[in-house]
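Taking it in order: structure first as structure tokens, then the write-up.
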Amino acid sequence: MMSKPNPEVLVRLTAACKDYGATLAAVRALDDLSLTIAKGEFVAIVGTSGSGKSTLLNVLGCLDDPSSGRYELAGIDPAKLDAAERAIVRNRLVGFVFQSFNLLPRSTALENCELPLLYRGVPPGERRARATRALESMGLARRVHHRPAQLSGGQQQRVAIARAIVTNPPLLLADEPTGNLDSRTSYEVLALLQALNRSLGITIVLVTHEQDVAACAKRIVTMRDGRVIEIGRAHV
Ligand SMILES: Nc1ncnc2c1ncn2[C@@H]1O[C@H](COP(=O)(O)OP(=O)(O)OP(=O)(O)O)[C@@H](O)[C@H]1O
Ligand SMILES: [Mg+2]
């Protein structure tokens with residue numbers, strides 16, 4: 001299961017293809033894609049709709065396996081794991097943030113944020129303390145007992161980020177995290193992601209349509225038709 005990886009490499013995708021469906025209706029969503037991401041990087045993935053960005057993120061987050069090629073996350077090949085082992089790897093190594101926040105509507109910010117720790121078997125007192133700290137770090141100290149419907153979009157996304165980082169994952173994956181936010185709120189959320197990257201060294205992979213959002217990253221990977229067509233440095 002474990003190889004001897006370069007300790008600086010967190011994500012290593014090699015010649016990955018991802019095919020959806022069979023025969024005539026088949027779609028090649030990833031096409032011979034290779035990508036290496038070192039610990040501590042902040043990478044933006046850009047590209048037109050349908051270019052394979054979400055598919056790539058799902059592979060990086062061990063939600064899906066490539067149809068061919070190889071993926072290693074921190075030296076672990078998720079394709080070799082059973083469902084339970086895979087869930088543990090995801091819980092330990094990956095935090096996810098989505099465009100639509102994906103919070104449980106009937107649970108408070110605190111309860112939402114505690115969930116990954118509950119799955120991990122952390123006892124209630126410690127769970128509560130860590131979730132509270134994560135929410136505080138997102139500026140939500142006074143909103144812990146609010147439900148999602150009682151929060152603004154930006155606050156809901158900050159709860160989602162708190163939930164994603166409450167386990168201290170080395171890798172944070174964000175799929176259009178500012179897609180439902182106005183521009184001012186978008187910048188607040190991006191500033192928080194940059195702070196997580198700078199101060200905690202969390203590796204961030206952010207999918208976005210918007211060039212100015214991508215400019216917040218240190219590296220920009222441009223996709224087209226399931227391939228990487230350009231890797232560039234952001235000019236900030
Ligand atoms: N579950 C699926 N079944 C079949 N085809 C799929 C599936 N998911 C994605 N695809 C196809 O794979 C290709 C890549 O989709 P993907 O969602 O990765 O694109 P994207 O770059 O994230 O697009 P967007 O910017 O619109 O979110 C598209 O052509 C899409 O239609
Ligand atoms: Mg997408």
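Both ligands and their constituent atoms are indexed starting at 1 by order of listing. Side chains are part of it too, since the values below use all heavy atoms of this structure and drop only hydrogens, waters and symmetry mates.
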- Would you indicate whether the side-chain heavy atoms of Leu30 and Leu56 approach each other to under 4.5 Å? yes
- Note on the structure: A student checking ligand 1 against Thr55 at a 4.0 Å heavy-atom cut-off should list atoms 14 (C), 15 (O), 16 (P), 18 (O)
- Message: Among Gly179, Ala25, Ser54, which one puts a heavy atom closest to atom 17 (O) of ligand 1?
- Response: Ser54
- Query: Given the protein's heavy atoms, is any one of them under 4.0 Å from atom 14 (C) of ligand 1?
  - Reply: yes
- Can you tell me how far the CG atom of Leu172 sits from the CG atom of Leu93, to the nearest 0.5 Å? 13.0 Å
- Heavy-atom pair with the smallest gap, counting every atom of Glu41 and Thr36: OE2-O, 4.1 Å
- Item | Side chains of Asp175 and Gln99 in contact at under 4.5 Å (non-hydrogen atoms) | no
- Task: For atom 2 (C) of ligand 1, grab the closest protein heavy atom and report residue, atom and distance to one decimal in Å.
- Result: Tyr20 CD2, 3.5 Å
- Task: Show which atoms of ligand 1 fall inside a sub-4.0 Å distance from at least one heavy-atom site of Ala29.
- Result: 12 (O), 13 (C), 14 (C)
- Task: Return the number of protein N, O or S atoms with a distance to the Mg ion (ligand 2) smaller than 2.8 Å.
- Result: 1
- Query: So does Arg128 pair up with Glu114, basic N to acidic O under 4.0 Å?
  - Reply: yes
- Message: Is atom 8 (N) of ligand 1 near the protein, in the sense that some protein heavy atom lies at less than 4.0 Å from it?
- Response: yes
- Query: Among Ser49, Gly52, Gly50, which residue places a heavy atom closest to atom 26 (O) of ligand 1?
  - Reply: Ser49
- Task: Starting from atom 25 (O) of ligand 1, locate the nearest protein heavy atom and write down its residue, its atom name and how far away it is, to 0.1 Å.
- Result: Lys53 NZ, 2.7 Å
- For His209, the atoms of ligand 1 under 4.0 Å from one of its heavy atoms are 25 (O)
- Message: As an exercise, identify every atom of ligand 1 less than 4.0 angstrom from a heavy atom of Val27.
- Response: 11 (C), 12 (O), 29 (O)
- Message: Please list, in number order, the atoms of ligand 1 under 4.0 Å from a heavy atom of Ser51.
- Response: 19 (O), 21 (O)
- Any salt bridge between Lys39 and Glu8, counting N to O under 4.0 Å? no
- Give yes or no for whether the N/O distance cutoff of 3.5 Å, strictly under, is met between Gly47 and ligand 1. no
- Side chain proximity check, Pro169 to Val94, heavy atoms < 4.5 angstrom: no
